[in-house]
Amino acid sequence: MIPALIALLLVAAPPQPPAAAARWQLFQTVSSGGQTYDYYYDKPGVVSSDEKVAVTIRILGKPAKSVTLSSIELNCRTVTFTETRTVSTDAQGRRTELPPAALWRDAPILPGKSADKLRRLLCR
């Protein structure tokens, strides 16, 4: 089961630059409805340009072994974010990719939420 989940994650993961391997940095833990979610970002994969920061986040659910990978872009000047891709794999290994119409576009970054914590870490 676990090797199949790892294989699914490798297929679902957004492409990484060849010179950099993902190094996941924990930045938030949230509990909701009996589940705990650990939020990580790919530290070497962060790309900054002008007022924007592109980053991949990984959300691990416990006790159910769900995994969500999202590529997002933070706009540090306007305090907004855009999801460019989100793929989830549930505990049974079912993979779901959100269609483009379901992704957040120029959404406000709300205080205390994961995007706000990332903005505080990554925006200069």
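Since this is a predicted model, take the numbers as computed values, not measurements.
- Side chains of Leu98 and Trp104 form no contact here, defined as non-hydrogen atoms less than 4.5 Å apart.
- For Arg124, the side chain to side chain donor-acceptor pair (under 3.5 Å) test picks out no residue, with sequence neighbours left out.
- Heavy atoms only, all atoms of each residue included: Val55 and Tyr41 are closest at CG2-CB, 3.8 Å.
- For the disulfide (SG to SG under 2.5 Å) condition, no pair includes a residue of residues 26-65, sequence neighbours left out.
- Contact check for Ile57 versus Leu69: no side-chain heavy atoms found under the 4.5 Å cut-off.
- At a threshold of 4.5 Å between non-hydrogen side-chain atoms, the residues Arg120 and Leu118 do not count as touching.
- Leu121 and Trp24 fall into different hydrophobic clusters, where Ile, Leu, Val, Met, Phe, Trp and Tyr side chains are chained together by heavy-atom contacts under 4.5 Å.
- Not a single donor-acceptor pair under 3.5 Å links the side chain of Asp50 to the backbone N or O of Lys52.
- Side chain of Thr84 to backbone of Ser71: a donor-acceptor contact under 3.5 angstrom is found.
- By the criterion of side-chain heavy atoms lying less than 4.5 angstrom apart, applied directly or through intervening Ile, Leu, Val, Met, Phe, Trp or Tyr residues, Ile59 is grouped together with Ile109 in one hydrophobic cluster.
- At least one donor-acceptor pair closer than 3.5 Å links the side chain of Thr82 to the backbone N or O of Asp106.
- Nearest heavy-atom pair, Ser114 versus Phe27, reported as atom, atom and distance to 0.1 Å: O-CE1, 3.5 Å.
- The closest side-chain heavy-atom distance from Tyr39 to Leu26 is not below 4.5 Å.
- Put simply, Ile72 and Val67 are part of two different groups of oily side chains (I, L, V, M, F, W, Y) that touch within less than 4.5 Å, one to the next.
- Sorted by first and then second residue, the disulfide (SG to SG under 2.5 Å) pairs with a member in residues 59-88 read Cys76-Cys123; sequence neighbours excluded.
- Residues forming a side chain to side chain donor-acceptor pair (under 3.5 Å) with Ser88 (at least two apart in sequence, or on another chain): Thr68.
- Taking every heavy atom of both residues into account, Pro63 and Gly34 meet most closely at CD-O, 3.6 Å.
- Smallest separation of non-hydrogen atoms from Glu83 and Ser70: OE2-OG, 4.0 Å.
- Between Thr36 and Ser31, the closest heavy-atom pair is OG1-OG, 3.6 Å.
- In this structure Thr80 satisfies the side chain to side chain donor-acceptor pair (under 3.5 Å) test together with Thr78, sequence neighbours excluded.
- Side-chain contact between Arg95 and Val87: present, with at least one pair of heavy atoms (C-beta onward) separated by less than 4.5 Å.
- Residue Tyr37 comes nearest to Gly61 through the heavy atom pair CD2-CA, 3.8 Å, listed as atom of the first residue, atom of the second, then distance.
- In summary, Arg119 and Asp116 engage in a salt bridge, as defined by a charged side-chain N under 4.0 Å from a carboxylate O.
- Taking NZ of Lys117 as the reference point, atom CD of Gln28 lies at 4.5 Å (rounded to 0.5 Å).
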Stepwise, does the side chain to side chain contact (heavy atoms under 4.5 Å, CB included) test hold for Arg58 with Asp42? CA-CA 8 Å; Arg58 179 176 74 169; Asp42 175 17; over 6 Å; no
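- With hydrogens and angles disregarded, no donor-acceptor distance shorter than 3.5 Å links the side chain of Asp90 to the backbone of Ser66.
- At a cut-off of 3.5 Å, with distance as the only test, no side-chain donor of Gln35 or Ser32 sits close to an acceptor on the other residue.
- Tyr40 and Val53 end up in different hydrophobic clusters when Ile, Leu, Val, Met, Phe, Trp and Tyr side chains are linked at under 4.5 Å.
- For Asp38 and Thr29, the side-chain atoms include at least one donor-acceptor pair closer than 3.5 Å.
- Residues Thr89 and Arg94 have side chains not in contact (no heavy-atom distance under 4.5 Å, counting atoms from C-beta outward).
- Here Glu73 contributes atom CD and Arg105 contributes atom CZ; the two are 9.5 Å apart, rounded to the nearest 0.5 Å.
- Under a 4.5 Å side-chain heavy-atom criterion applied to ILVMFWY residues, the cluster that includes Val47 comprises that residue alone.
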